[in-house]
Structure formats: C-alpha cells, structure tokens
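What follows is one structure encoded as structure tokens, with my remarks underneath.
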Amino acid sequence: PPTVAPVRLAVLVPVKRFTAAKGRLTGVLGESDRARLAEWMASGVLDVVAEIPTFVACDDDGVATWAQRMGAQVIWGAGLGLNGAVDDGVGHIISMGYDHLLVTHADLALPGALLDVAHEGCITLVPDRRDDGTNVMSFPAAHPLSASYGGGSFARHLRQALAVAAVEVEVRRDLGLSLDLDTARDLAHPLIRKVLPPWLPTNPANPAR
C-alpha cells in the first residue's frame, strides 16, 4: 500500500514582554514576581510541546532569548499586537510547509493536555472556563482561523470555524486548559494553587509568608 506522510504539526505561542505581563495582578504581586510568574507559565507550556516544532511570536529581546534557550524558534513581530502577531506567525508557519497548527496562550498553569487538542482535519477550540476567551485553538493549515482575541473571542472564533464547511469543528472543554491565570481569584483556584511554584509570595507553601 502507498505510504501516507505523517502530518507536520507546529505550535505557535504568542508571548508578551514578561515585565509587562499579568498587569491585573498588580497590587497582589510585585513587578518582578509577575514577570517571574509569566516566564514560569510560558516555560511550562513550552515544556509540554517540546517534542513538536514550536514557534514563539514576540517583540521583546528578553522573550526572544528565553524562547531560543527553550528550543523554540522566534517569529519577530514588532508592534503587531496579539492578533496581528498570531496571524503573522500562522502565515510564517504555513509558508514553511506545516500541515496543522496549534495556537496556545502562554499563561496556562495546567498545560498538560495541550497536544491532545490537535486532531488532523479538524478545527478544535478550547474556551476558558467562562466560555469567553479562547485559550487554545488548532486547525489545518489549509483552513487557518484569523486571530480574534479579546473579550468574547471564543464566540467569534467558533463562528469563523463553523463557516468552514469542509472541516469538522470540535469544542473541547478541558478543565486544565480552561484555567488561565490573570487575576487574584485565579491564583486562589484550588487546581491552580496546587501547582503554583513555592517561591510565589501568594503560595501558602511559601515559607516567607
């Protein structure tokens, strides 16, 4: 029988400057702890997908150095904003001949199931736990979704996916992947508290508390 070539999957992770991340935790964590937390979460995401070619979309030298140290390729997109950076990154990856893309936020405290989201020939969306944002999306390179992040992005991405008649659409409600970490309330979530690093000042296990 003829040999079927394996699907070439690539992962795209947009990452903002660590010192500018987690602004909604101002007043709960200092700037250095917010930056360290953002890098810790992004590193956890890249660790999970380490076996897959991974690209980091960024416009910060520190993030670019971190990404290369983590084994990812950098797609530089100065001044594009989140949606522009994702669309630019997707276009770059498709031009390299990849068949399927997985796009994920970098602020997932429980990213363990990330690679389960990518299904050949299927558009898969993972909403946040409020069904408002889109934490992860996966799609064939032949049918890329345009990034539409911001409030209500899940509904916009779902409408866009459903308009692609030739492709199956799956909404995957994964408890771990739905938990992004943006607010003090998120820090107190029972599942997130279990995995927070011990150096974090808000972690009850921190001996300095």
With the threshold set at 4.0 Å, does a side-chain nitrogen-carboxylate oxygen contact exist between Asp107 and Lys22?
yes
Taking Val45 as the starting point, is it possible to reach Leu37 by hopping between hydrophobic residues whose side chains are less than 4.5 Å apart?
no
Smallest separation among heavy atoms of Val195 and Ala109, with atom names:
CG2-O, 3.7 Å
Basic-acidic side-chain contact under 4.0 Å: Arg17, Glu31:
no
Check: Phe154 and Val171 side chains under 4.5 Å, non-hydrogen atoms
yes
Contact between Leu187 and Arg193 at the side-chain level, heavy atoms closer than 4.5 Å - yes or no?
no
Side chains of Leu101 and Phe139 in contact at under 4.5 Å (non-hydrogen atoms)
yes
Is any side-chain heavy atom of Leu179 closer than 4.5 Å to one of Asp186?
no
From OG (Ser138) to NE2 (His100), nearest 0.5 Å
2.5 Å
Minimal non-hydrogen separation, Val56 against Ala72, with atom names:
CG2-CB, 3.9 Å
Student check: side-chain heavy atoms of Val86 and Leu80 closer than 4.5 Å
no
For Arg156 versus Ser148, what's the shortest heavy-atom pair and its separation?
NE-OG, 2.6 Å
If you group Ile, Leu, Val, Met, Phe, Trp and Tyr by side-chain heavy-atom gaps below 4.5 Å, do Val103 and Leu46 land in one group?
no
Side chains of Ser146 and Gln160, heavy atoms from C-beta outward: is any pair under 4.5 Å?
yes
Taken to the nearest 0.5 Å, the spacing of Phe18 CZ from Cys58 SG works out to 9.0 Å
Testing the basics here: between Ala184 and Leu25, what is the closest heavy-atom pair and its distance to 0.1 Å?
N-CD2, 3.5 Å
Looking at NE2 of His157 and CG of Leu145, how far apart are the two atoms once the value is rounded to the nearest 0.5 Å?
6.5 Å
Can you confirm whether Arg129 sits close enough to Asp180 that some side-chain heavy atom of one is under 4.5 Å from a side-chain heavy atom of the other?
yes
Quick check on the hydrophobic clustering: are Val48 and Leu181 connected, directly or via other members, by side-chain heavy-atom contacts under 4.5 Å?
no
So with a 6.0 Å cut-off around CG of Asp116, is the heavy-atom count from everything else above 12?
yes
Which pair of non-hydrogen atoms, one from Val74 and one from Ala64, has the smallest distance, and what is that distance?
CG2-O, 3.7 Å
If Ile, Leu, Val, Met, Phe, Trp and Tyr residues are connected whenever their side-chain heavy atoms lie under 4.5 Å apart, and connections chain through other members, are Ile123 and Leu114 in the same group?
no
Identify the two heavy atoms, one from Pro140 and one from Val167, that lie closest to each other, and give their separation to 0.1 Å.
CG-CG1, 4.3 Å
Give the cluster check for Val90 versus Val11: same hydrophobic cluster or not, with ILVMFWY residues linked at side-chain heavy-atom distances below 4.5 Å.
no
Tell me which one of Arg69, Arg34, Lys16 satisfies salt bridge (charged side-chain N to carboxylate O under 4.0 Å, His left out) with Glu39.
Arg69
Can you measure from SG (Cys122) to CZ (Arg172) and round to the nearest 0.5 angstrom?
10.5 Å
Could you label the plane-to-plane angle of the His105 and Tyr149 rings as parallel, tilted or perpendicular, counting under 30° as parallel and over 60° as perpendicular?
tilted
Would the distance check show the side chain of Asn135 and the main-chain N or O of Leu177 forming a donor-acceptor pair, the cut-off being under 3.5 Å?
yes
Donor-acceptor contact present, side-chain Asp128 to main-chain Ser178, <3.5 Å
no
Do the side chains of Asp182 and Arg24 get close enough for a salt bridge, i.e. N-O under 4.0 angstrom?
yes
Heavy atoms, side chains only, cut-off 4.5 Å: are Leu115 and Leu102 in contact?
yes
Reported CD1-to-CG distance for the pair Ile52 and Leu9, which is rounded to 0.5 angstrom
5.0 Å
Under the side-chain contact (heavy atoms from CB on, under 4.5 Å) criterion, do Asp47 and Met70 qualify, and how do the steps go?
CA-CA 8 Å; Asp47 281 342; Met70 292 290 297; 3.4 Å; yes
Quick check on Glu120: does its CD atom have over 12 non-hydrogen neighbours (other residues, nucleotides or ligands) under 6.0 Å away?
no
side-chain contact (heavy atoms from CB on, under 4.5 Å) between Trp76 and Asp61, intermediate numbers included:
CA-CA 9 Å; Trp76 191 265; Asp61 288 333; 3.4 Å; yes
To the nearest 0.5 Å, atom CG of Leu175 lies from atom CG of Leu110 at 8.0 Å
